[in-house]
Amino acid sequence: MSNGPLRKVVFPVAGLGTRFLPATKVVAKEMLPVLDRPLIQYAVDEAVDAGADTLIFVTNRYKHAIADYFDKAYELESKLAQSGKDELLALVQGTLPRHVRCVFVTQPEALGLGHAVLCAKPVVGDEPFGVVLADDLIWNAGAGALRQMAEVAQRENAGVLAVEEVPREQTNKYGIVDAEPVSERAARVRLVVEKPKPEVAPSNLAIVGRYVLPGRIFSLLENTKPGAGGEIQLTDAIGELLKESPVLAYRFEGERFDCGNKLGLVQATLHMALKDPQIAGHTAELVRKLAK
Ligand code: UTP
């Protein structure tokens, strides 16, 4: 993998989001808010923090809201400007820094995460790139998870997968790695298996929604057949990648909330509310009351 800063980040947002139906009939899962910001905003901020200047959204035909969200809102902005609501105007204009551009590509059919990533090939080319799944919200007080991973990828000249220990009984929900520790947070991946049953899982170290990958992954994805769940799995292509170049599993610093399910979204919301100076006190009180 060639050394260099991480400039391009892919956001696969073309999934069906069935766990949030009926809301996701019309609202993309990535537009669900945690407090006042949609999940995709947290993901984009993390990518920008990692140095990205080109954001590639893999969308489907129902997800115009994401493009609209990052576009200029002329009418709203001029109304806020006229009425002197400068703080709100700054919020509306601040969804994306000026030096960052967005590219939208379509995944015509939801054939799996691997297929969604492959749809970004014409924009990414053969340079290393990041993949961020916005429904995994990762909060860290210091450097974001993707920045931590980009630094490791650059230093070690390797692909990097974010991993976290999960309860054994949940291995069938994740890509699971078998990896040999090389430092406090990094381990060299020997094997990856998509959604293994607990009794055959090689470990309980699960891949979560952050990847730094070389452009070579696209050729491997082109030859990846449908795997678990009949979908083209990114994990299967990574399994081929690690036969030819190093891939590290990296235990990032930060707290992950799986906002692809209801409980995770509630946890993320409470976490962020307890960090918001305006509502932290009331939220803490509410939590105490409910716990009684
Ligand atoms: P999920 O496995 O969470 O699927 O996808 P989903 O469709 O979004 O949600 P559920 O399970 O039906 O509730 C993981 C990530 O991969 C993207 C999703 O948008 C999500 O960010 N994805 C998945 C695609 O972009 N295309 C696909 O074909 C599948």
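Counting starts at 1 for both ligands and their atoms, in listed order.
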With no hydrogens and no angle check, just 3.5 Å: does a side-chain donor-acceptor pair link [X] and [Y]?
X	Y	value
H115	Q107	yes
E164	Y174	no
E77	Q93	yes

Numbering the atoms of ligand 1 from 1, which are under 4.0 Å from a heavy atom of [X]?
X	result
Q107	24 (C), 25 (O), 26 (N), 27 (C), 28 (O)
A110	28 (O)
L111	28 (O)
A116	24 (C), 25 (O), 26 (N)

Query raised in the report: Can you check whether F129 and F218 have ring centres sitting under 6.0 Å from each other?
Result: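 Here the rings of F218 and F129 have centres that are less than 6.0 Å from each other.
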Query raised in the report: Is the distance between the ring centroids of F57 and F70 under 6.0 Å?
Result: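 Yes: the rings meet the under 6.0 Å criterion.
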Query - Residue selection (non-hydrogen contact nearest atom 25 (O) of ligand 1) among A14, G209, C119, A43 - result: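 Nearest heavy atom to atom 25 (O) of ligand 1 lies in A14.
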Nearest to [atom], what protein heavy atom do you find, and at what distance?
atom	answer
atom 19 (O) of ligand 1	G15 N, 2.9 Å
atom 12 (O) of ligand 1	T18 OG1, 2.5 Å
atom 28 (O) of ligand 1	G112 N, 2.8 Å
atom 16 (O) of ligand 1	L113 CD1, 3.5 Å
atom 8 (O) of ligand 1	K29 NZ, 2.7 Å
atom 7 (O) of ligand 1	L16 N, 2.7 Å
atom 2 (O) of ligand 1	R19 NH2, 4.4 Å
atom 14 (C) of ligand 1	L133 CD1, 4.2 Å

Query - Protein contact for atom 5 (O) of ligand 1 (heavy atom, distance under 4.0 Å) - result: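 No, because not a single protein heavy atom sits under 4.0 Å from atom 5 (O) of ligand 1.
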Query raised in the report: Does R101 CZ have over 12 foreign heavy atoms under 6.0 Å away?
Result: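 Atom CZ in R101 is not crowded, with 12 or fewer foreign heavy atoms closer than 6.0 Å.
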Inspect the contact between [Y] and [X] and indicate whether a charged nitrogen and a carboxylate oxygen are less than 4.0 angstrom apart.
X	Y	answer
R288	E285	no
R251	E184	no
K79	E75	yes

Query raised in the report: So I207 and I176, side chain to side chain contact (heavy atoms under 4.5 Å, CB included) or not? Walk me through it.
Result: CA-CA 6 Å; I207 305 173; I176 299 291; over 6 Å; no
Report task. Mark the output for E30 as yes if a heavy-atom distance to ligand 1 is under 4.0 Å, and as no if none is. Result ->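 Distance cut 4.0 Å: E30 passes for ligand 1.
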Report task. Say whether A134, considering both its backbone and side-chain N or O atoms, lies within less than 3.5 Å of an N or O atom on ligand 1. Result ->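 Between A134 and ligand 1, no N or O pair is found under 3.5 Å apart.
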